[in-house]
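Side chains are part of it too, since the values below use all heavy atoms of this structure and drop only hydrogens, waters and symmetry mates.
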Amino acid sequence: MKAIVINKDQTLSYTDVPNPVIKDGEVLIEVYAAAINRADLLQREGNYPPPPGCPEWPGLEVSGIIKEVAKDITKWKVGDKVCALLGGGGYAEYVAAPADMVMPIPNGLTYEEAAAIPEVYMTAYLNLFYVGQAKCGETLLMNAGASGLASAVIPMAKAFGLRVITTVLGEEKVKEVAYLNADRVVDTTKEDIVEVLKEEEQNGRPVNIAIDCLAGEVLGKCLKYVARGCRWIQIATLAGDISSVDFRNIFVKNIRIIGSTLRSKTPEEKGVLLDELVEKTWCKFESGAIKVQIYKTFPLEKADEAQQVLYRGENVGKVVLTVK
């Protein structure tokens, strides 16, 4: 089969690789679409290796049709239309996936939309409800509102009754994220997010949960103005690894700073999360309360062009590879 492999010089090649062979507990999926995530870029750079036993080529979420089912699997059958969360290997024509990591495609969604669900919406659900314990009426700060993750987190938060503040860089990005319907969009080229959070606290609407992929020096300054009991969830450090934190403020306000990654979860934990994701959010996808935003699609063989969109920070929503 064809797949996208990462070369030693970090270039990508569209080439032949062995077909996957399923084991007990797995299904074989003919891939129709595979979504791109920032973790794929980290893997390309040598900073995010796939878990043991996973293919070396990237790809964490796919959609397609089941072509083969292991004898011990009764939940799925050949011909089922599914999407799946993977440890790796999604940039390919076929993939072997653990049956517990497979989900039905929500009614009315395309393969491209379905491929954009497993990793990013699972990450959104994980951080909002499993880690963040979000509740209706709370205020969420979602940094980097033009990111692929924000395109999932913000609609999911709104669908469950949270108030959302998000940040972007520049007037164009403010316009581009308008479809997400965040309650407040902060253009950090014109506004200081620290002053915004101070104002929100003074107005009685402090941030209860933050999902932050930026960090940097501003993080510590923000913590002064969040709610008592705030859960600040750190998922990446794109703006810098170091910040000065006033720890007196941390214990006085009972703030929790929590590091979170989906890849660190065990298969059992991921299985529970996926079941909850289907049970609690599929109806919102099918009703249109949560809409998958596809920024652009590329054929599989143009995976490098697709990844460059993320490197340049152009996308608002998901970039997806079409495979079949």
Side-chain angles (χ1 to χ4, degrees), residues 1-23 25-70 76-99 101-103 105 109-120 148 263 292 294-312 315 317-324:
M1 69 173 183
K2 294 291 188 182
I4 298 293
V5 300
I6 302 170
N7 302 313
K8 290 183 179 180
D9 63 357
Q10 298 185 7
T11 59
L12 303 181
S13 292
Y14 178 64
T15 189
D16 290 308
V17 298
N19 282 6
V21 177
I22 63 171
K23 306 187 294 289
E26 294 184 336
V27 301
L28 181 69
I29 299 173
E30 182 177 18
V31 179
Y32 278 48
I36 292 181
N37 292 278
R38 193 159 293 278
D40 304 340
L41 310 187
L42 295 175
Q43 181 176 341
R44 180 175 180 171
E45 295 159 4
N47 296 320
Y48 201 62
C54 290
E56 294 182 3
W57 43 96
L60 300 178
E61 52 187 349
V62 299
S63 65
I65 294 179
I66 292 179
K67 304 300 287 186
E68 186 181 350
V69 177
W76 303 106
K77 65 181 185 299
V78 172
D80 283 345
K81 298 178 180 180
V82 296
C83 53
L85 179 69
L86 310 171
Y91 290 18
E93 293 179 316
Y94 293 90
V95 66
M101 299 295 105
V102 176
M103 299 172 287
I105 293 178
L109 268 65
T110 66
Y111 285 110
E112 290 78 14
E113 291 169 332
I117 291 177
E119 169 75 10
V120 72
R263 182 163 283 190
V292 179
I294 304 297
Y295 176 72
K296 192 174 289 188
T297 63
F298 293 83
L300 178 62
E301 59 268 27
K302 294 188 177 181
D304 180 64
E305 289 184 34
Q307 286 196 353
Q308 294 304 322
V309 173
L310 269 71
Y311 274 120
R312 293 189 297 267
N315 58 302
K318 295 285 285 186
V319 178
V320 175
L321 300 172
T322 55
V323 183
K324 185 176 176 64

* To do: Mind running side-chain contact (heavy atoms from CB on, under 4.5 Å) on Met1 and Asp16 for me, showing each step along the way?
  => CA-CA 5 Å; Met1 69 173 183; Asp16 290 308; over 6 Å; no
* To do: Indicate whether any N or O donor in one side chain lies under 3.5 Å from an N or O acceptor in the other, for Tyr91 and Gln307.
  => yes
Looking at every heavy atom in both [X] and [Y], which two are closest together, and how far apart are they?
X	Y	result
Ala84	Val102	CB-CG2, 4.1 Å
Pro49	Asn47	CD-C, 3.8 Å
Ala92	Ala3	CB-CB, 3.7 Å
Ile22	Ala96	CG2-CB, 3.9 Å
Ala114	Cys83	O-CB, 3.6 Å
Ala35	Ala115	CB-O, 3.3 Å

Going from [atom1] on [X] to [atom2] on [Y], what distance comes out if it is rounded to the nearest 0.5 angstrom?
X	Y	atom1	atom2	result
Ile105	Glu113	CD1	CD	10.0 Å
Leu60	Ile36	CG	CD1	11.0 Å
Arg38	Leu310	CZ	CG	5.0 Å
Glu26	Ile66	CD	CD1	12.0 Å
Glu68	Ile29	CD	CD1	12.0 Å
Glu301	Thr15	CD	OG1	13.0 Å

[X] side chain to [Y] backbone, donor-acceptor under 3.5 Å:
X	Y	answer
Asp9	Thr11	yes
Gln43	Glu56	yes
Glu93	Lys2	yes
Trp76	Ala99	yes

* **Criterion side-chain contact (heavy atoms from CB on, under 4.5 Å) on Lys318 and Asn37, from CA distance to verdict** => CA-CA 8 Å; Lys318 295 285 285 186; Asn37 292 278; 2.8 Å; yes
* For Lys296 and Asn315, run side-chain contact (heavy atoms from CB on, under 4.5 Å): C-alpha distance rounded to whole Å, both residues' side-chain angles, the deciding distance at 0.1 Å, then the answer. => CA-CA 8 Å; Lys296 192 174 289 188; Asn315 58 302; over 6 Å; no
Taking the side chain as C-beta and beyond, is there a heavy-atom pair between [X] and [Y] under 4.5 Å?
X	Y	answer
Ile117	Leu109	yes
Leu28	Pro20	yes
Glu112	Thr322	yes
Val323	Tyr32	no

* Does NZ or CZ of Lys81 come closer than 6.0 Å to the centre of the six-membered ring of Tyr111, within 45° of the ring's axis? -> no
* To do: Walk me through it: do Trp57 and Ile4 pass the test side-chain contact (heavy atoms from CB on, under 4.5 Å)?
  => CA-CA 6 Å; Trp57 43 96; Ile4 298 293; 5.6 Å; no
* Asked: Taking only residues two or more places apart in sequence or in another chain, which ones pass side-chain contact (heavy atoms from CB on, under 4.5 Å) with Asp304?
  -> Leu12, Arg44, Gln308
